[in-house]
Every structure is written in C-alpha cells, then in structure tokens.
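Report on the following structure.
In what follows, every chain begins at residue 1, and chains take the letters A, B, ... in the order their sequences are listed.
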2 protein chains.
Amino acid sequence: MDATSAIELDSILHQPVRTRIAAFLVARGEATFSDLKKEMQVTDGNLDAHLKKLVAAGYVKTNKQTGQGRPQTTYRLTRPGQSAFENYLEALKRLLSLRF
Amino acid sequence: MDATSAIELDSILHQPVRTRIAAFLVARGEATFSDLKKEMQVTDGNLDAHLKKLVAAGYVKTNKQTGQGRPQTTYRLTRPGQSAFENYLEALKRLLSLRF
DNA sequence: TAATGTTACTCTGCATTACAGAGTAGATCA
DNA sequence: TGATCTACTCTGTAATGCAGAGTAACATTA
C-alpha cells in the first residue's frame, strides 16, 4: 500500500464543467443561471444538467425568487458542498505533488 | 471576463481514474498493467478502457514484450502526454488558486 | 504430465453521464 | 398586444464508465 492508493477524487466535483462551477461559486458566493452560463460557456441544457447533479448531491442549493420582476434562481454552495470542495482540493494536492 | 473564464480542463485527464493513472506514470516513469491495477483498485475492464483512451489520445504509449516468459506490456507517458499533464496542472492551479 | 491455477490482458453489453436543441412560462418592449 | 427576451426545463441521443466473462500464455501442484 503506497501513498496514492487511498486517494479518491470526488466524481461529482472531478468533472470539467462542475469543477469550474464549484470554483466559481466558492469565489463568488452566489451566482445566477446566466452568470454561470456566461462563465462556463456551455449550452443551457448542459448547464442545467450539471447544476441538477450538484443539487442532487447536496453540494449546491437554489433560491428561486418570484414576485418582483422576472423570476430568478440563485445558486450557492451548501456547507457540505464547501467541505467537499475543500476535501477535493486536499486530495488533488496530495495526489499531484507526490514523490513515490 | 474574469480570471476563470478561459480555463479549460482537459477532459481526457480530468477524470478520476485517468488523473491518477497520469500522476502515477509521471512519478513512476513506467508501469505494467498489474502495477496500475493494484494502484488504482479498479476492475480489469475498466482499467483497460481508461488505458485505451489515454493511448488513443496519444498521451500514453505501450510496449508489449513477448518471447521471454509471460508477455507483458508496459505503459508510459508520451512527450505530448507529459506536456498535456503539465498544462493540466497549470490549469488546475490557476483555476483553483492552489499552492503546491 | 495432466489438471489446475494464475497472470495479463481483451471484449461485450449494459448503466450512467454529457450534451444539444427544442420547448415553455413569465416578463419586458415596440 | 404581438414580438422578443430571459431563465430555465425536458427529451433524445451520443459518449463514457464500468463489470464480468472470455482467452492465451505460462506456472504450479498432484
């Protein structure tokens, strides 16, 4: 058993679009669908699918607002989502800077 | 346009099993199927599929030896594979603002 | 030395994931 | 008030991920 064997990379977070969404939300705190779409440069359907996956994992929460003006949903990381992201970073650091 | 928008994460490398394979090969230089299997703890079929994908991308090359004893294949990163990995690390660092 | 096991893969099929584009509901605009 | 736009959502398809069965070559044990 050597140093890398135990290192698992969270498969929810370790995916191109979702890693970027998570990093963006960590940096921004919260964002709208449009913010994310502009930033990620993906199609609507694709963004929706990734967001749904993050929500299903309990990593992201939504807040839909209606009433005043156009309805708008904001997305932000949950506490578990933040921890998962931190753990993910730790795993990456350990995995990628290792000397065998 | 902010700091993260341009950052793309190589989808060949940004996948749990393949990131670990690449990191392992970078550190080890070369490895056999069994080395990788032991290290990654995945099924044979799954490992084979990931290896094939890395080979198809031109990131990994194989060297099959027959004749003396049991035939054995060794896997190692190609030069383009090494560059791709370095670029991938750079992208991750910029995206995640990591200090390694 | 025949039978049994082991290693080192490869192949196949199914389940899950990723993605694009069409669809929809509620504003806002001319 | 009809057209447009924004902010999503839904659906179908292509691509990916994965497990387990299959195979060929050698090693071991009876």
Side-chain angles (χ1 to χ4, degrees), chain A residues 5 7-25 28 30-76 84 88, chain B residues 5 7-25 28 30-76 84 88:
Chain A
S5 6
I7 301 178
E8 274 286 320
L9 292 173
D10 185 329
S11 66
I12 300 286
L13 295 175
H14 201 62
Q15 192 281 337
V17 179
R18 290 193 299 266
T19 303
R20 300 200 298 139
I21 291 175
F24 189 68
L25 290 180
R28 277 282 187 99
E30 81 177 0
T32 63
F33 190 88
S34 325
D35 291 338
L36 292 165
K37 204 173 92 169
K38 191 189 279 181
E39 187 69 16
M40 306 304 146
Q41 312 256 76
V42 294
T43 57
D44 295 23
N46 195 204
L47 178 57
D48 178 61
H50 287 302
L51 250 12
K52 275 192 168 44
K53 185 144 222 219
L54 288 166
V55 169
Y59 288 1
V60 164
K61 65 186 169 200
T62 60
N63 182 18
K64 300 195 192 223
Q65 281 169 268
T66 45
Q68 19 33 342
R70 189 184 300 286
Q72 182 100 344
T73 307
T74 55
Y75 301 86
R76 54 165 62 238
Y88 170 63
Chain B
S5 19
I7 302 178
E8 273 286 319
L9 293 172
D10 185 328
S11 66
I12 301 287
L13 295 175
H14 200 62
Q15 193 281 337
V17 179
R18 290 192 299 267
T19 302
R20 300 201 299 143
I21 291 175
F24 189 69
L25 290 179
R28 277 279 187 102
E30 81 177 0
T32 64
F33 191 88
S34 325
D35 291 339
L36 292 165
K37 206 174 91 168
K38 191 190 276 181
E39 186 69 18
M40 305 305 145
Q41 312 254 77
V42 294
T43 59
D44 295 22
N46 194 203
L47 177 57
D48 177 61
H50 286 302
L51 251 12
K52 275 191 166 46
K53 186 145 220 215
L54 288 166
V55 169
Y59 289 1
V60 164
K61 64 186 169 200
T62 61
N63 183 19
K64 299 194 195 226
Q65 280 169 269
T66 45
Q68 19 35 339
R70 189 186 300 287
Q72 182 100 345
T73 308
T74 55
Y75 301 87
R76 54 166 60 241
Y88 170 62

Whole-Å distance separating the [atom1] atom of [X] from the [atom2] atom of [N]:
X: B:Leu51; N: D:dG17; atom1: CG; atom2: P; result: 13 Å
X: A:Lys37; N: D:dA7; atom1: NZ; atom2: C1'; result: 8 Å
X: A:His14; N: C:dT17; atom1: NE2; atom2: C1'; result: 15 Å
X: B:Asp35; N: C:dT7; atom1: CG; atom2: P; result: 13 Å
X: A:Ile12; N: D:dG17; atom1: CD1; atom2: P; result: 14 Å
X: A:Glu8; N: D:dG17; atom1: CD; atom2: P; result: 15 Å
X: A:Gln65; N: C:dA25; atom1: CD; atom2: C1'; result: 18 Å
X: A:Leu47; N: D:dC8; atom1: CG; atom2: P; result: 9 Å

Identify all side-chain donor-acceptor contacts of residues 51-61 of chain A below 3.5 Å with residues at least two apart in sequence or on another chain.
from, atom 1, to, atom 2, distance (Å)
A:Lys52, NZ, A:Asp48, OD1, 3.1
A:Lys52, NZ, A:Asp48, OD2, 3.3
A:Tyr59, OH, A:Asp10, OD2, 2.7

Practice item. Identify, between A:Ser11 and B:Thr32, the residue whose nearest nucleotide on DNA chain C lies closer to the 5' end. Key: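 Counting from the 5' end, the first nearest nucleotide belongs to B:Thr32.
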
Taking only the side-chain nitrogens and oxygens of [X], find out if one of them lies under 4.0 Å from OP1 or OP2 of [N].
X: B:Arg18; N: D:dG17; result: yes
X: A:Gln15; N: C:dC19; result: yes
X: A:His50; N: C:dT17; result: no

Hey, could you give me the [atom1]/[atom2] distance between [X] and [Y], rounded to the nearest 0.5 Å?
X: A:Gln41; Y: B:Glu8; atom1: CD; atom2: CD; answer: 9.0 Å
X: B:Lys38; Y: B:Leu47; atom1: NZ; atom2: CG; answer: 13.5 Å
X: A:Ile21; Y: A:Thr19; atom1: CD1; atom2: OG1; answer: 9.0 Å
X: A:Asn63; Y: A:Arg76; atom1: CG; atom2: CZ; answer: 8.5 Å

If every non-hydrogen atom of [X] is compared with every non-hydrogen atom of [Y], which pair is closest and at what distance?
X: B:Pro16; Y: A:Leu9; result: CG-O, 3.7 Å
X: A:Met40; Y: A:Arg20; result: O-NH2, 2.8 Å
X: A:Arg18; Y: A:Ile12; result: NE-O, 2.6 Å

Point to revise | Pairing residues for B:Tyr88 by the ring-ring contact (aromatic ring centres under 6.0 Å, His included) criterion, not counting sequence neighbours | key: B:His14

Applying a 4.0 Å non-hydrogen cut-off, can you work out what [X] is touching in the nucleic acid: base, sugar-phosphate, or nothing?
X: B:Ser34; value: sugar-phosphate
X: A:Thr73; value: sugar-phosphate
X: A:Val17; value: sugar-phosphate

Revision key, fill the gap. In numerical order, the residues of residues 57-64 of chain A whose heavy atoms come under 4.0 Å of DNA chain D are A:Lys64

Check your understanding: Quantified as the angle between the terminal helix axes (five pairs each), what is the overall bend of the helix from C:dT1-D:dA30 to C:dA30-D:dT1 to 10 degrees?
Key ->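 Nearest ten degrees gives 0° for this helix.
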
Exercise for review: Encode nucleotides 11-16 of chain C as B, S and - characters from 5' to 3', where the letter depends on protein heavy atoms closer than 4.0 Å: B to the base, S only to sugar-phosphate, - to neither.
Suggested key: B-----

**Study point:** Pairing residues for B:Asp44 by the salt bridge (charged side-chain N to carboxylate O under 4.0 Å, His left out) criterion, not counting sequence neighbours
**Key:** B:Lys37

Check your understanding: Who are the side-chain contact (heavy atoms from CB on, under 4.5 Å) partners of B:Thr73, not counting sequence neighbours?
Key -> B:Thr62, B:Lys64, B:Tyr75

Point to revise | Qualifying residues under side-chain contact (heavy atoms from CB on, under 4.5 Å), relative to B:Ser34, sequence neighbours excluded | key: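 Applying side-chain contact (heavy atoms from CB on, under 4.5 Å) to B:Ser34 gives B:Thr32.
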
